[in-house]
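Below is one structure, written out as structure tokens; comments come after it.
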Amino acid sequence: MSARGLRTNLTGGAFVMPAASIIVVFSFVSMAVSLYVSFHNWDILIPVHPYVGLGNFREVLFGKDTVFWIALRNTVEYVAMLVPAVLVTSFILALAARRAPFGQAFFKTAFFLPSITPVVVVSLIWMWLYSYNGPINAGLAAMLWPVNAFTGIFGAAPIRPPNWLADPSTAMSAIVLMSAWQASGYYSVIFLAGLSDIPREFYEAAEVDGAGRLRCLWHITIPLLRNTFVFVSVMLIIGGFQVFTQVYIITRGGPAQATEVLTSVIFKRAFQSYGGLGASCAMAWLLFAAVFVFVLIYMRLVRSRQIYD
Amino acid sequence: MGPTRHRRPARALTKGGYTVQSGRMRTTFEDVVKWAAAALVGAFLAVGGVYYSRGGQIASNKTVIRVWDWWSPAGYKEIGTYFNTIEHDFEERHPDIDIRYQFIPFGTQYTQKLMSAFAAGDPPDAFQCSVSWARDLYDRGIIADLNDFVATSPDVAMDQYFPITREYLAKDGRIFGVPTSMDSNCLILNAGLCRKAGLDPSPHAIDSWETFVAYAEKLTVRDEGGRILQAGFPVTAIAERSSEIWPWLASEGLSFYTDDMMSTNAATPQGIRAMQLLYDLLNVYKVSFPPGTEIQADNLFIEGKVGMLRGGTWMGYEIFQTAPDLDFVMTTFPPGPGSTERGAITWVNMMMMPKNCRHPKETWEYLRFYGGLENALNMLVILNRNSARLDFYDTPEWRAKVAEHPYLAMLPEISAAGRVAPYKRQQEMDEAFVPFYQRAVLGTMPIEEAMKEANARVEKVLEGSWADQLLREMDKRAEAGQ
């Protein structure tokens, strides 16, 4: 390498160094430390950290009272509900914003706003919306009123709206609904970008051939947005497995562990118990493995065949 | 007028593919300001660094004592007044000591910051510690034994405080804390609502669980659709802690933990009765708001939407701050079917000193002042808080305050009736217990089964982790070495 080339590389390297060192220290070194900790019994306040090999992993996976499996089931349930909900909603929002005859910028901004609102704030607002005597149930009660009035004639007990966050059977769905509401706007912008990449000629040719809007949607828009769908779903799967804030703020994993997710268990094990840091790190690595495998399988199944370039 | 602001146009050179700005430039006023600012920042950092490295003793010869607390002036300005008073009075007597407060919100934030500070070897010199964490921190060998200090300061000796405080402040005769205030879980009645419902709000009028249920039913107000507008007694179903059941167990004559602290009394007949009462209040008598994570029973009580509340003796101050006209009574919980004595839960939080405290002698002086009678009276006058000190209740200040706020008269009785709070491994115990409490109170699991399962989980927590075994081993080795 010539002196000039070397100097150029060094200059480039120097510019990259600050960002790279932050990533190395706060991502890779931390990951390495957490892997090391996962093989040890670790109490932040005790200077001795006995090596236990795979003991923490064994305890997390096969311990008698482990909540790992409950949390994994809940997390998968959350992801399974969130991904289709956001995909469908954000896609519909993108189509609506694109076809809006006026005020497109307004709609885009309005859709995007929830995603830039802090999750804590959104969670607190939705807690109020979901409260038993809150606005959602007030609306439901108003809709149920004619039914209850009718069935009341025959002495039937009135149908009451659910207690969203206090009922183990509805709490997770309530959190998913809130998360989907918040995420849809952001992903609709990504879909909008994808939509604008589809050549106009395809639709014109289809129209000439007599295709209607639904046919165009099914045979042009959706296939050509395949890459966007894959990208959005992968991001949602990764984000979904890492859900924490809304659960921590709204339900703290309750009621009766119905919304206990992996990250909340990791947090509690690390910071709300003495000596649980090793097991917590083991759980974090198991979460990483779960996400990795899940995404790998998903990518294999739906990998793009490069329909057009 | 400074130097001219005009610059000679710089010459652009293309060198090795990069465009480089070059040319002779004169020093402008802006440059001077920039360099001066940079020099100022550098000097500030240098002075700050030296100041910090010397433990904050550069400006004067004073010893700086760093104190952490979660009582924060951000909440109520009177708390600021309280700390200013301590600082003023203490520093007046100890002109060589400078007290510096740092306020951190209670709960996980406080414990995380505390643990990080200990792990980094830089804890505060003194800190307020909740009874929920104190014993576990002491067991980890990071808290200073105060016996030698206490031996030289009879004014803060253990016999100066309520006997129950010994349970929390010492282990095997080793003292590790100085009490801050005396806290109890108690029953609070909205006297105005009671009178409106034709009920006697005097402290001992509710003399059994049956009377309590009758009161709760009469104090519950519903609209035409059956929606509860005013709750007789709110039951926190989506609780984060096990504390909902504690006072009811106390009114059955039991603490939450067994005496050996290796199990709970939740699965005993008394525990199951207490749990059944909570279930019935919520689901059968329907005297509580429907379960909800957003329900803040304390706030609803202050708003006058709750007839009776499982509250705390510390709440009087908050009530006077937010609803000065609210007429309320604090009392003990009525005896349950298996007991003849009234119940409450009583504990003390404490000031602690880390083992590696930088200035133990000076810090002890602060702890001693904090736990003394003078400060207890400060706390009473400014914050309406009662003390764990026995001599406190014989002072004219206390009598004057009781005359001003009659609810305070019950506090000594509540404190004396208090059973022990579960102070060992409390956070982990709650994590294990609460899911089954929620199942029981929501009716998704039979109460007896839920309590047995909860008890089994808690027993496992109380057995101790690898760390406890290791600490026991280290203690044994240390004893053998001695």
Side-chain angles (χ1 to χ4, degrees), chain A residues 4-5 7-8 11 41-50 52 55 63-65 67 70 124 127-134 137 141 145 148 158 160 163-169 171 248-258 260 265 267-276 278-279, chain B residues 15-18 108 111-112 114-116 118-119 133 136-137 139-142 225-229 237-240 289-295 425-432 434-442 444-445 450 453 456-457 460-461 464-471 473-474:
Chain A
R4 179 186 290 178
R7 199 164 53 239
T8 306
T11 311
N41 270 337
W42 205 284
D43 186 319
I44 196 170
L45 299 175
I46 299 177
V48 184
H49 310 295
V52 291
K64 187 174 166 271
D65 298 333
V67 287
I70 295 172
L124 291 172
M127 262 173 84
W128 169 70
L129 289 173
Y130 280 134
S131 59
Y132 189 67
N133 295 320
N137 276 2
W145 183 82
N148 285 336
R160 295 194 185 279
N163 193 347
W164 295 97
L165 298 172
D167 185 340
S169 63
Y248 189 70
I249 298 289
I250 297 177
T251 60
R252 302 255 166 161
Q257 292 174 318
E260 197 77 86
V265 177
F267 175 80
K268 286 173 185 171
R269 202 69 210 270
F271 299 112
Q272 292 183 5
S273 71
Y274 293 98
Chain B
K15 193 178 179 186
Y18 295 102
T108 315
T111 50
Q112 277 180 28
L114 202 58
M115 286 207 273
S116 306
F118 272 108
W133 330 307
D136 296 321
L137 291 178
D139 283 344
R140 264 143 190 80
I142 53 174
R227 196 171 72 135
I228 293 178
L229 303 174
I238 315 298
E240 289 171 38
F289 295 112
T293 51
E294 81 292 350
I295 303 283
R425 313 300 285 249
Q426 201 188 91
Q427 289 189 90
E428 287 160 278
M429 177 276 287
D430 279 339
E431 281 301 320
V434 163
F436 294 95
Y437 163 82
Q438 291 180 351
R439 286 182 175 100
V441 82
L442 292 171
T444 60
M445 195 173 186
E453 191 62 38
R457 303 286 174 115
K460 204 173 167 207
V461 169
S465 65
W466 64 270
D468 297 291
Q469 288 163 16
L470 183 76
L471 288 163
E473 193 62 35
M474 284 161 76

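The sequence lines fix the lettering, A, B, ..., with proteins before strands; numbering per chain opens at 1. Please read all numbers here as calculations on a predicted model, not as lab measurements.
- The CZ atom of F289(B) sits 9.5 Å away from the CZ atom of R227(B) when rounded to the nearest 0.5 Å.
- In terms of heavy-atom pairs under 4.5 angstrom with chain A, the leader among E240(B), R425(B), E428(B) is E428(B).
- Only the side chain of P168(A) comes within contact range of chain B, with heavy atoms under 4.5 Å apart.
- Under the 4.5 Å side-chain criterion, counting only non-hydrogen atoms from C-beta, M115(B) is not in contact with F271(A).
- Contacts with chain B were tallied for D43(A), N41(A), I44(A), V52(A); N41(A) has the most, counting heavy-atom pairs under 4.5 Å.
- No part of A237(B) comes within reach of chain A, as not one of its non-hydrogen atoms sits under 4.5 angstrom from that chain.
- Contact tally against chain B (heavy-atom pairs below 4.5 Å) for V67(A), V48(A), N133(A): the top residue is N133(A).
- A salt bridge does not link R439(B) to E453(B): none of the charged nitrogens lies less than 4.0 Å from a carboxylate oxygen.
- If you measure heavy-atom distances from W42(A) to chain B, the contacts under 4.5 Å come from the backbone alone.
- Remark: D167(A) pairs with no residue by the salt bridge (Lys or Arg N to Asp or Glu O under 4.0 Å) rule, at least two apart or across chains.
- Considering only residues two or more places apart in sequence or on other chains, R269(A) meets the salt bridge (Lys or Arg N to Asp or Glu O under 4.0 Å) condition with E59(A).
- Both the backbone and the side chain of L45(A) come within contact range of chain B, each with at least one heavy atom under 4.5 Å from a heavy atom of that chain.
- Side chains of R160(A) and Y132(A) form a contact here, defined as non-hydrogen atoms less than 4.5 Å apart.
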